[in-house]
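Let me begin by presenting the structure, written as structure tokens, before commenting on it.
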Number of protein chains: 2
Amino acid sequence: MDAPAEHNLDLIFAALADPTRRAILRTLLDGERNVGDLAEPLPMSLAAVSKHLQILGRAGLVSQDRQGRIRTCRLEPDGLQNAFIWMQGFGAFAFEDYDALESWIERALDPEGIDDPDPDTTHAP
Amino acid sequence: MDAPAEHNLDLIFAALADPTRRAILRTLLDGERNVGDLAEPLPMSLAAVSKHLQILGRAGLVSQDRQGRIRTCRLEPDGLQNAFIWMQGFGAFAFEDYDALESWIERALDPEGIDDPDPDTTHAP
DNA sequence: GCTTCATTCAACCAAATGGTTGACTTTTTT
DNA sequence: AAAAAAGTCAACCATTTGGTTGAATGAAGC
């Protein structure tokens, strides 16, 4: 298995380190959005959001589909895999708690299971 | 008690976004190290490494144990869990590819599957 | 054809980041 | 007691980041 490229991890983790960008990702979990829709609830200019989307794009976490004058953004969930795989080596799931792992797997495999991404309201394993 | 939340994620992901800091974490997987040992292979000053360790410390990923004039650093693998949990909501393992998930789980659960040449310093169950 | 909408681009700014060096503190060694 | 070792701290510097505004681009609507 190839270790994920370091540079890639730089971009992914840096992209995730900003709360605005995480909010954008969370919004995109509910489905595709154009840039204006993403910007609307955020306390900043459209241009700022556009730059955040570029950062997410370079990290491979979001892609844009331009149809007409509207740019539709969508989540690229596979983009997180490298970071996820990197993390696993650090015992993030140093489980004695197999139940937690099982419920995690359940959620991971069940499309209905990903409807509450808000870390504030999540269930710790 | 349960207030990991957004700010915490900022610190964790920002800490992970730097290759030097990831290298330090990787080294610490093999066991505890003092600051000088961590700095030795790195192409920068001791002071720079010390600052990186502060960042890792604030993120909850590394702790220091000061005995005498020597600071021993050790990995806090639980520190990654918040980030890990946050990620799971994004279908990082939205697998059609169940084989990959299975092999991941295998590695996650099997102590031999984690590349840890120093069994004395167990951070995993 | 002009205007409007959706978005990006360019220039700019303040603050944060990642590094340096040199002084300082604390402990160990001699 | 003096010197050396292990780290941190403080001040500094260059670059990056996250934001702004205003102009530019590219459809769509009138």
Side-chain angles (χ1 to χ4, degrees), chain A residues 6-28 31-76 83, chain B residues 6-28 31-76 83:
Chain A
E6 285 295 302
H7 179 57
N8 206 3
L9 290 174
D10 287 4
L11 295 179
I12 294 173
F13 285 129
L16 295 178
D18 183 272
T20 298
R21 287 192 290 265
R22 290 197 305 273
I24 289 172
L25 291 175
R26 234 178 278 126
T27 300
L28 289 177
E32 303 188 344
R33 295 284 190 282
N34 62 40
V35 181
D37 288 345
L38 288 171
E40 187 263 333
L42 297 173
M44 68 188 63
S45 68
L46 192 60
V49 173
S50 179
K51 292 211 284 187
H52 280 301
L53 287 169
Q54 285 173 234
I55 290 170
L56 289 166
R58 275 201 302 274
L61 302 176
V62 164
S63 63
Q64 288 194 6
D65 181 21
R66 152 193 219 159
Q67 33 199 349
R69 65 178 158 176
I70 297 180
R71 253 94 162 178
T72 301
C73 304
R74 84 169 190 289
L75 200 61
E76 294 287 338
Chain B
E6 287 294 303
H7 179 59
N8 210 356
L9 290 173
D10 286 6
L11 296 179
I12 296 172
F13 285 129
L16 296 178
D18 183 273
T20 297
R21 288 191 292 265
R22 289 197 306 274
I24 289 172
L25 292 175
R26 232 178 280 124
T27 299
L28 289 177
E32 304 188 344
R33 295 284 190 281
N34 63 39
V35 181
D37 288 345
L38 289 170
E40 188 265 331
L42 297 173
M44 69 188 64
S45 69
L46 191 61
V49 173
S50 177
K51 292 211 287 187
H52 280 302
L53 286 169
Q54 288 179 40
I55 291 170
L56 289 166
R58 276 200 302 275
L61 301 177
V62 165
S63 63
Q64 287 193 9
D65 181 21
R66 154 191 217 156
Q67 30 200 354
R69 65 179 157 173
I70 296 182
R71 254 92 164 178
T72 301
C73 305
R74 83 170 188 288
L75 199 61
E76 294 289 337

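Chain A is the first sequence line, chain B the second, and so forth, proteins listed ahead of strands; every chain is numbered from 1.
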Is any side-chain N or O of B:Q54 closer than 4.0 Å to OP1 or OP2 of D:dC9? yes
Without placing hydrogens or testing angles, list every side-chain donor-acceptor pair under 3.5 Å for residues 59-70 of chain A, not counting sequence neighbours.
from: A:S63; atom 1: OG; to: A:R74; atom 2: NH1; distance (Å): 3.2
from: A:S63; atom 1: OG; to: A:E76; atom 2: OE2; distance (Å): 2.7
from: A:Q67; atom 1: NE2; to: A:T72; atom 2: OG1; distance (Å): 3.4

For the residue pair [X] and [Y], what are the closest heavy atoms and their distance?
{"X": "A:A17", "Y": "A:P19", "value": "O-CD, 3.9 Å"}
{"X": "A:D18", "Y": "A:T20", "value": "OD1-N, 2.8 Å"}
{"X": "B:L28", "Y": "B:C73", "value": "CD2-O, 3.5 Å"}

Rounded to the nearest 0.5 Å, the CG atom of B:L56 sits from the CD1 atom of B:I12 at a distance of 11.0 Å
Got a second to check how far A:L16's CG is from B:L16's CG, nearest 0.5 Å? 9.5 Å
Between [N] ([atom2]) and [X] ([atom1]): distance, integer Å:
{"X": "A:L38", "N": "C:dT7", "atom1": "CG", "atom2": "C1'", "result": "12 Å"}
{"X": "B:L53", "N": "D:dC9", "atom1": "CG", "atom2": "C1'", "result": "15 Å"}
{"X": "B:F13", "N": "C:dT17", "atom1": "CZ", "atom2": "P", "result": "16 Å"}
{"X": "A:R33", "N": "C:dA6", "atom1": "CZ", "atom2": "P", "result": "16 Å"}
{"X": "B:I24", "N": "C:dG18", "atom1": "CD1", "atom2": "C1'", "result": "12 Å"}
{"X": "B:Q64", "N": "D:dA6", "atom1": "CD", "atom2": "P", "result": "15 Å"}
{"X": "B:N34", "N": "D:dT8", "atom1": "CG", "atom2": "P", "result": "10 Å"}
{"X": "A:D10", "N": "C:dG18", "atom1": "CG", "atom2": "C1'", "result": "13 Å"}

How does protein reach along nucleotides 17-30 of chain D, written 5' to 3' as B (base within reach of a heavy atom under 4.0 Å), S (only sugar-phosphate), or - (no contact)? -SBBB----BSS--
If you fit an axis to the five pairs at each end of the helix from C:dT4-D:dA27 to C:dT30-D:dA1, how big is the angle between those two axes, to 10 degrees? 20°
Can you list, pair by pair, the side-chain donor-acceptor contacts under 3.5 Å of residues 33-53 of chain A, counting residues two or more places apart and other chains?
from: A:R33; atom 1: NH1; to: A:G31; atom 2: O; distance (Å): 3.4
from: A:N34; atom 1: OD1; to: A:G36; atom 2: N; distance (Å): 3.2
from: A:N34; atom 1: OD1; to: A:D37; atom 2: N; distance (Å): 2.8
from: A:S45; atom 1: OG; to: A:A48; atom 2: N; distance (Å): 3.1
from: A:H52; atom 1: ND1; to: A:R21; atom 2: NH1; distance (Å): 3.1

